[in-house]
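What follows is a set of notes on a single structure, which appears directly below.
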Amino acid sequence: MNYDEFLSPVPVAGTYVIKNLTNGRVFLSKSEDLVKTYKDERFRLDMGMHSNKELQKEYTEMGLELFQIALDERKKDGESLNDLLSRRRKEMEEEGIAFY
C-alpha cells in the first residue's frame, strides 16, 4: 500500500478497501476524494459509527492494528466510479475474497 495516495493535495478518485488483516474480509467502496474518505472512515470506525455494522463490530473488538485502509484502484480518465466499483467487486469475488 502506498500511503502517498492519501497525502495527495489534489483529490484522488477510485476504489478503496478496509481490510481485516486477521480474516481477510474487506469492505470495498468508492470515493471521489480518497484523502477525505480515509479520514472520514477512520473517524467513523474510531467513534463506533461506521455504516457497516459487521465491520464496525470486528473493528471495535480487534482494534485498529488489525485493519488496513488502502487505495484499491485509481479511477482512469473517462471511467465511471460505479463501473470501476462493479468491476473490482466482481474481480475480488472471482478471487474468493470475502466481503463485509
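- Here L66 contributes atom CG and E61 contributes atom CD; the two are 11.5 Å apart, rounded to the nearest 0.5 Å.
- Side-chain polar atoms of N23 and E58 form a donor-acceptor pair below 3.5 angstrom.
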Q. Is there a side chain to side chain contact (heavy atoms under 4.5 Å, CB included) between I69 and V17 once you walk through the steps?
A. CA-CA 6 Å; I69 303 174; V17 294; over 6 Å; no
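- A cation-pi arrangement, defined by a distance under 6.0 Å to the six-membered ring centre and an angle within 45 degrees of its axis, is present between R89 and F99.
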Q: Go through F67 and L55 one step at a time and tell me if the side chain to side chain contact (heavy atoms under 4.5 Å, CB included) criterion holds.
A: CA-CA 10 Å; F67 286 82; L55 169 62; 3.7 Å; yes
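- Environment of CE in M47: sparse, with no more than 12 heavy atoms of neighbouring residues, nucleotides or ligands closer than 6.0 Å.
- Heavy-atom minimum distance, L84 versus E73: CD1-OE2, 3.5 Å.
- Remark: K75 NZ is packed, more than 12 non-hydrogen atoms of other residues, nucleotides or ligands lying under 6.0 Å away.
- A continuous path of ILVMFWY side-chain contacts below 4.5 Å connects M62 to Y100, so both sit in one hydrophobic cluster.
- The pair E54-K57 fails the salt-bridge criterion, with no side-chain N (NZ, NE, NH1 or NH2) lying under 4.0 Å from an Asp/Glu carboxylate O.
- Of the charged side-chain nitrogens involved, at least one lies within less than 4.0 Å of a carboxylate oxygen, so that E91 and R88 count as a salt-bridged pair.
- Qualifying side chain to side chain donor-acceptor pair (under 3.5 Å) partners for E95, counting only residues two or more places apart in sequence or in other chains: none.
- Hydrophobic clustering (side-chain heavy atoms under 4.5 Å, transitive across Ile, Leu, Val, Met, Phe, Trp, Tyr) groups F27 together with L64.
- Across every non-hydrogen atom of L28 and D72, the tightest pair is CD1-OD2, 4.1 Å.
- In terms of hydrophobic clustering, with Ile, Leu, Val, Met, Phe, Trp and Tyr side chains grouped at heavy-atom distances under 4.5 Å, L85 and V12 are assigned to different clusters.
- Remark: D46 pairs with R42, Y59 by the side chain to side chain donor-acceptor pair (under 3.5 Å) rule, at least two apart or across chains.
- For the residue pair Y16 and K30, the shortest heavy atom distance occurs at CE2-O, 3.7 Å.
- Using a 4.0 Å cut-off between charged nitrogen and carboxylate oxygen, R87 and D83 do not count as a salt-bridge pair.
- What you find for P11 and E32 is that their closest heavy atoms are CB-O, 3.8 Å.
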Q: Decide side chain to side chain contact (heavy atoms under 4.5 Å, CB included) for Y38 and L71; before the verdict, give the C-alpha distance in whole Å, the side-chain angles of both, and the deciding distance to 0.1 Å.
A: CA-CA 9 Å; Y38 173 82; L71 169 71; over 6 Å; no
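- At a threshold of 4.5 Å between non-hydrogen side-chain atoms, the residues Q68 and I18 do not count as touching.
- In this structure, Q56 contributes its side chain and H50 its backbone to a donor-acceptor pair below 3.5 Å.
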